[in-house]
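Heads up, the thing below is written out as structure tokens.
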Amino acid sequence: MTRVEENKEGIKGMANPTRYGIERVAYLLMRLTGLGLLVYFVAHIAETSSILQGKVAWDEMLALTQTTGGHIILALVIGMCVFHTVNGIRVMLGHGGIGVGTPGRLDYPYKPPSQNARHKIAIYSSIVLAAIAMMYGLAVMFGE
Amino acid sequence: MRESVIMKIHYGTALAAVALVAVHVLFRLTQNFAESLEYESVIANYQFLPYAGMLEIILILLSIHGFNGLRVILIELKQGRSFEKSVTYGCIGAMALVILYGSRTIFLTSMGMT
Amino acid sequence: MVDSIEYDLLIVGSGLAGLRAAIAAAKKSSKLKIAVISKVQVMRSHSVSAEGGTAAVLFEEEGDTIESHIYDTIKGSDFLADQDVVVRLCKEMPQEIYQLEHWGMPWSRRKDGKIGQRMFGGYSFARASYAADKVGFYEMQTLYDTCQKFENIEFFNEWFTTSIIHDGQRFLAVTAIELSSGNFMAIKGKALIIATGGAGRIYSYSTYALSSTPDGLDMAYRAGMALKDMEFVQFHPTGILPSGILITEGARGEGGYLLNNKEERFMKKYAAGKMELAPRDIVCRAMMTEMNDGRGFDHETGVRCLKLDLRHLGDSLIKEKLGAIREISIKFSGLDPSQELLDVRPVCHYMMGGIHTNIDGATELQGVWAAGEAACNSTHGANRLGANSTSECIVWGRITGELAVDYIQKTQITTPFPHHLVEAESKRIYDGIFRGNGDVNPYEIRQQLTDTLTDKAHVYRNEAGLVEGLKKIRELKNKAWKHVDDKAKEYNTNFTNVMELDSMFRVAEVVLIGAINRKESRGGHARTDYPTRDDSNFLHHTLAYYDPKEPIMKKHPVTITTYKPVERKY
Amino acid sequence: MAAQSTQISKPTSIPASKYVTLRISKFNPKKESSPKFIDFKVPYQKWTTVLDAILHVKQNLDHSIGVRYSCRQASCGSCGMKINGRPALACFTKIIELNSDVITVEPMNNFPIIRDLVVGFERMFSTHKKIKPYIIREDSEITPGTKEFLQTPEEVEKYIQFSNCIKCGLCNSVCPTMATDSSFVGPQALAQAYRYIADTRDKGKKDRLKIIDDSHGIWRCHFAGSCSQVCPKGVDPAMGIQLLRGYLLGFRS
Ligand SMILES: Cc1cc2nc3c(=O)[nH]c(=O)nc-3n(C[C@H](O)[C@H](O)[C@H](O)COP(=O)(O)OP(=O)(O)OC[C@H]3O[C@@H](n4cnc5c(N)ncnc54)[C@H](O)[C@@H]3O)c2cc1C
Ligand code: HEM
Ligand code: SF4
Ligand code: F3S
Ligand code: FES
């Protein structure tokens with residue numbers, strides 16, 4: 001069956017974080033930061049390989065990254081890394097069934113225990129931590 | 001491989017990476033950030049074998065984790081036997097390349113062959 | 001020519017009775033090809049709405065007896081039940097409860113881990129096995145899920161069956177429309193089990209699912225089978241306003257009571273012994289009398305009602321045992337039963353009547369069985385006791401499923417298939433209905449028809465009203481409503497709605513004529529002009545056979561084995 | 001025993017004072033290339049549900065509306081659709097709760113459209129079947145004299161919540177994985193896999209874990225939680241899935 005016939009929402013539906021609460025924002029950020037980190041990671045391997053060409057090449061490379069743009073990218077990477085790590089720990093615990101509540105009869109109006117404050121707080125914390133780390137990074141890099 | 005094994009590796013590499021990346025980043029921060037990136041200090045770091053070993057482990061772990069993550073995203077986007085096969089092999093291939101390329105840097109540098 | 005496909009056993013209806021039959025048949029033979037055909041998807045049948053309980057004697061060691069279940073049922077039926085049938089129900093039921101349990105039914109449990117039972121109307125022992133207040137839903141889930149084990153059960157979801165094809169001697173096929181494609185097809189089979197459920201949507205104020213229309217009954221009726229005891233329609237005391245959704249008898253079983261506008265528990269005047277837990281016919285009559293005598297409340301919709309008080313049960317008990325009705329009251333009526341009184345009035349709830357069958361569920365046509373609410377094997381007589389219907393569905397689902405397999409295994413059909421009958425049916429529905437002409441909105445006619453029954457054939461009836469109702473219905477029938485404005489093939493529910501309406505006319509007519517003929521009051525049939533039971537003239541079942549002009553009415557004896565009819569007091 | 005006057009019970013006879021615009025997505029994929037919206041003015045009361053409003057249109061304004069319904073009391077799972085962009089049961093959504101002058105109804109996503117608001121459930125039903133949703137044990141058929149397997153109320157609590165699934169498909173229609181992955185088992189079936197595994201009477205845990213441990217199985221859930229947020233019956237599939245995955249990851253046994 002093709003996607004159209006199935007009336008799939010497609011990537012837009014998968015990526016739209018506006019409709020179903022912060023959990024869905026976390027889901028999207030997790031993907032984006034994962035991908036971002038992967039890109040950075042590959043670039044970082046390429047970047048560091050310049051060390052093989054000796055000091056000149058390394059310094060040229062450093063110079064290339066030690067620009068305002070480079071710093072901003074690096075700050076972003078720091079932020080992504082912190083978010084992905086902290087949220088990753090939350091997600092792993094959740095995936096293992098920890099902190100998702102205990103099964104039991106629910107009473108109307110139903111509040112699903114898995115969508116609980118613990119997880120929401122953890123998500124907000126990872127965002128805040130990421131922001132702090134980014135600012136710290138920026139301060140270090142620009143504050144020379 | 002069973003999907004559960006793959007995903008256990010995914011979580012396992014993530015967990016291990018938490019610790020190792022922390023060390024890696026802290027290393028950058030023990031000294032002045034800019035200073036730590038000086039050619040000489042970087043070379044010195046590489047030639048400190050435990051550190052180089054750690055870098056190698058990070059390299060392997062994160063490549064596995066990252067490219068498996070990429071595979072997950074891709075097979076969720078589009079289905080079909082041949083597509084999924086090429087995603088799997090593509091990711092394994094890319095992962096191997098990155099690991100090899102990165103290892104080369106680490107190996108040669110730590111051997112002092114720059 | 002109309003396409004056809006072939007199966008061994010056809011089951012029309014995927015409610016409790018249909019699913020139970022499918023499992024019984026599949027268990028008995030893994031070779032037979034079984035088709036479960038339903039106009040709704042599998043878990044959407046009306047049975048999912050059953051709330052309160054399923055009756056069975058489980059605790060003989062604690063004082064309950066099968067004998068008592070038998071007598072309660074017969075007395076509840078106002079002695080119109082066939083007593084041998086009741087004996088069968090009550091004897092086979094306990095095993096069925098345990099079988100459901102073994103298949104995963106989430107019965108509510110007592111502290112000791114055994115199946116929980118609650119009090120229900122008309123019983124002398126708490127013997128309604130319950131699973132919170134979603135008994136029918138959980139039973140459906142258990143049966144449906146269990147069906148998934150069997151590879152030879154195939155579901156025909158959303159196939160609207162229109163007729164039964166036979167050669168005058170025995171069953172050959174049904175015709176059906178696949179809703180999603182609009183294709184009309186003959187489905188051949190060696191045996192058929194009709195499990196199309198009740199038809200309570202011929203009343204406008206009803207607890208039934210919107211899909212509970214009489215097309216299944218009508219199909220059998222047109223094929224020459226008799227409809228039995230159709231004048232006995234059960235009203236349930238507590239339909240909540242304004243929707244008519246059911247507040248289960250379990251609410252009173254747990255201790256809820258009914259109040260009039262003097263804030264008194266008026267049931268003490270009508271059934272001092274059982275109070276609110278008297279059988280439904282008695283409670284409904286009491287409620288109607290209270291309201292007619294000015295002791296009701298006026299609901300904001302302009303309808304009169306009484307109050308159901310559950311407040312004293314306490315929030316935690318209500319949440320634990322009556323969660324679904326709590327949800328319903330809060331959502332649909334804005335009332336929390338632990339805080340406020342609920343507005344209730346009698347509402348159409350069950351049809352004691354149905355397709356005439358014998359004790360085995362076999363109809364008069366060879367190869368056709370009927371089970372569940374669509375059937376009338378005379379378990380319930382003139383008034384069903386709550387929680388006995390799901391029991392009946394399950395017991396006769398199993399019996400008919402097994403018997404149909406036996407029959408199939410010994411049957412060879414050699415006669416050529418009567419294609420002309422399929423063509424004739426295709427003409428009837430496509431030329432007569434789909435391509436029909438008219439300017440009257442069929443939905444308006446349907447509303448008027450159901451309002452007429454609600455008006456004239458309610459808890460209390462009388463000659464004048466019933467005759468007027470019949471006249472009104474015949475007038476409506478002659479209007480130009482037989483047309484379908486939606487011309488598409490795919491998922492044309494406009495078409496099926498008009499076919500449903502078509503069947504309503506025939507079945508409503510049988511209900512009214514049966515009620516006119518029965519000049520006595522018995523069980524659910526209360527005539528203000530003949531207020532007492534008349535055993536010398538009316539201790540018999542009513543049969544109605546189809547005739548294009550007017551139903552042919554006959555009588556059928558009641559099987560009385562042990563218990564002679566006596567006056568019914570609670 | 002008095003007159004029959006009070007037997008008239010037609011709640012809809014109260015004149016409606018307010019009107020709302022109901023915007024219905026109409027589409028017959030066999031005949032048309034894309035859906036179009038048609039607006040209808042519909043009267044409503046404080047108790048009118050979206051399903052009531054749609055049926056009002058079907059009965060009086062456009063007989064051809066394709067809509068699936070049965071119980072009208074949120075127990076059969078027929079009437080799931082997107083209401084103002086968010087999937088819900090039409091019979092369990094009141095007009096006044098929506099606080100909006102225009103109510104847009106569309107078919108649920110991630111299911112093929114049959115017509116208008118009606119979608120096909122074949123795939124969901126077949127994945128449900130795939131996870132073996134029944135008690136697996138040798139003695140699940142009774143013999144004469146068999147009594148119940150004992151189960152305490154506390155043991156019932158462990159799975160009863162998941163047993164409330166009405167197969168409405170709302171969860172599958174919002175899950176971000178389902179939005180792109182047509183092979184994913186989906187929250188509905190996964191929650192049912194957990195329902196049976198958590199039942200003390202069941203012995204099929206190994207079987208089921210094997211089935212869902214697949215490249216489009218349980219691992220494709222990323223705990224986005226939307227399924228639980230739209231579930232009308234409080235099933236909380238997200239919880240069930242994570243607990244289920246706990247078994248596979250060795251967090252639980
Ligand atoms: C609100 C409510 C609560 C109840 N509570 C209880 C209770 O607590 N205890 C109790 O014992 N009983 C209860 N009852 C009664 C009991 O639920 C029903 O009698 C029983 O569920 C009927 O089951 P069934 O299998 O006969 O039919 P149904 O569940 O009504 O199923 C009928 C099936 O036939 C199909 N069908 C109909 N016509 C056609 C056609 N033309 N073509 C194809 N398919 C067709 C339908 O799609 C459906 O699948 C209750 C009834 C109501 C209304
Ligand atoms: C160091 C700490 C890290 C932790 C704890 C961590 C944890 C996780 C977890 C738990 C997931 C699974 C998310 C899910 O299934 O919903 C994940 C996915 C992913 N990770 Fe990491 N990760 C880390 C670092 C990295 C790095 C450095 C990269 C880049 C190389 C990366 C790339 C990815 C990618 C691409 C995904 C897939 C995204 C998704 O499925 O949502 N991760 N990570
Ligand atoms: S889990 Fe909830 S949303 Fe999903 S199908 Fe079941 S009832 Fe519907
Ligand atoms: S929305 Fe989907 S991603 Fe998981 S938690 Fe629910 S199944
Ligand atoms: S009509 Fe049954 S759930 Fe809405």
Side-chain angles (χ1 to χ4, degrees), chain C residues 40-44 46 48-49 95 98-99 101-104 106 108-109 111 113-115 137-138 141 145-146 148-149 180 204-205 209-211 241-243 245 289 291-293 296 301-304 328 331-333 345 441 443 451 454-455 458 460 465 485-486 488 490-491 493-494 528 531, chain D residues 1-4 6-11 13-14 28 30-31 47 58-60 63-64 66-67 69-78 92 114-115 118 120-121 125 128-129 132-135 139-142 144 146-153 156 159-160 163-164 166-167 196 199 201-202:
Chain C
V40 299
Q41 289 171 324
V42 173
M43 283 286 291
R44 325 288 190 214
H46 163 71
V48 296
S49 305
Q95 283 304 297
Y98 294 131
Q99 180 62 79
E101 192 278 333
H102 273 46
W103 283 336
S108 291
R109 302 291 179 138
K111 287 245 156 18
K114 294 186 176 164
I115 294 169
F137 173 75
Y138 291 132
Q141 178 179 68
D145 282 357
T146 302
Q148 309 301 318
K149 278 199 221 178
S180 64
S204 52
Y205 187 62
L210 297 168
S211 55
L241 291 172
S243 56
I245 295 174
T289 307
M291 290 191 285
N292 289 347
D293 292 353
T301 49
V303 176
R304 221 167 284 170
I328 286 165
K331 183 70 172 197
F332 293 101
S333 307
R345 58 175 282 125
N441 180 354
Y443 294 95
D451 283 349
T454 304
D455 238 21
H458 203 252
Y460 281 123
D485 292 351
D486 180 4
E490 297 78 17
Y491 213 87
T493 42
N494 184 200
T528 51
Chain D
M1 302 198 196
Q4 305 198 331
T6 56
Q7 297 191 351
I8 300 161
S9 42
K10 196 182 142 202
S13 62
I14 297 281
N28 182 348
K30 294 255 169 63
K31 289 195 167 153
W47 51 78
K58 182 163 181 70
Q59 292 166 2
N60 301 299
H63 296 329
S64 75
V67 53
Y69 57 90
S70 177
C71 70
R72 61 84 167 86
Q73 59 179 58
S75 49
C76 77
S78 294
F92 209 59
I114 295 177
R115 191 172 170 189
V118 180
F121 276 84
F125 291 157
H128 176 73
K129 175 170 183 155
K132 305 200 180 205
Y134 38 80
I135 297 288
D139 51 352
S140 71
E141 299 299 324
I142 58 159
T146 309
K147 296 238 162 167
E148 68 268 63
F149 296 131
L150 297 182
Q151 202 167 48
T152 61
V156 174
Y159 66 86
I160 193 73
S163 208
N164 287 335
I166 58 174
K167 301 184 179 64
Y196 282 97
D199 193 320
R201 294 167 289 188
D202 181 73

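In this text, all values refer to a predicted model and were calculated from it rather than measured experimentally. First the proteins, then the strands, lettered A, B, ... as listed; each starts at 1.
Of the two parts of C/Q41, only the side chain, counted from C-beta on, holds a non-hydrogen atom closer than 4.5 Å to a non-hydrogen atom of chain D. Using a 4.5 Å cut-off between heavy atoms, D/R115 contacts chain C through its side chain alone, with no backbone atom that close. With a 4.5 angstrom heavy-atom cutoff, C/F137 touches chain D only via side-chain atoms. Of the atoms belonging to D/F92, heavy atoms from both backbone and side chain fall under 4.5 Å from chain C.
Residues D/W47 and C/S243 fail the side-chain proximity criterion, which asks for heavy atoms closer than 4.5 Å. For the pair D/N60 and C/N441, the minimum side-chain heavy-atom distance is below 4.5 Å. Using a 4.5 Å heavy-atom cutoff, the side chains of C/I245 and D/R72 are in contact. Here the side chains of C/K149 and D/K132 are not in contact, with every heavy-atom distance at 4.5 Å or above.
Within the 3.5 Å criterion, the main-chain N or O of D/G77 finds a donor-acceptor partner in the side chain of C/R44. Counting only distance, with no hydrogens or angles, the side chain of C/Q99 and the backbone of D/I142 share a donor-acceptor pair below 3.5 Å.
For chain C, the option among D/C76, D/A74, D/C71 with the highest count of heavy-atom pairs below 4.5 Å is D/C76. The choice from C/D145, C/N494, C/V48, C/T146 that makes the most heavy-atom pairs within less than 4.5 Å of chain D is C/D145. Put simply, of D/D202, D/V118, D/V67, the one with the most heavy-atom pairs under 4.5 Å next to chain C is D/V118. Of the listed residues (D/I160, D/T152, D/V156), the one with the most heavy-atom contacts under 4.5 Å to chain C is D/I160. Here D/E141 is the residue among D/H128, D/K30, D/E141 with the most heavy-atom pairs under 4.5 Å with chain C. No other option in D/P144, D/S75, D/S163, D/G66 has as many heavy-atom pairs under 4.5 Å with chain C as D/S163.
Evaluation of the salt bridge (charged side-chain N to carboxylate O under 4.0 Å, His left out) rule for C/R109 yields C/E101 as partners, not counting sequence neighbours. In this structure, the ring pair (Phe, Tyr, Trp, His ring centres under 6.0 Å) partners of D/F121, at least two apart in sequence or on a different chain, are D/F111, D/F125.
Smallest separation of non-hydrogen atoms from C/D485 and D/H63: OD2-CD2, 3.1 Å. Here the closest heavy-atom approach between residue D/D199 and residue C/G104 is recorded as OD2-O, 4.3 Å. In this structure, D/T146 and C/Q95 approach most closely via the heavy-atom pair O-NE2, 3.8 Å.
Interatomic distance, C/E490 CD to D/S64 OG, rounded to the nearest 0.5 Å: 12.0 Å. In this structure, CD in D/E148 is found 8.5 Å from NE2 in C/H102, a value given to the nearest 0.5 Å.
For the pair D/K58 and C/Y443, the NZ or CZ position fails the cation-pi test of under 6.0 Å to the six-membered ring centre and within 45 degrees of the ring normal.
When the shell of 6.0 Å around NZ of C/K111 is examined, it contains 12 or fewer heavy atoms from other residues, nucleotides or ligands.
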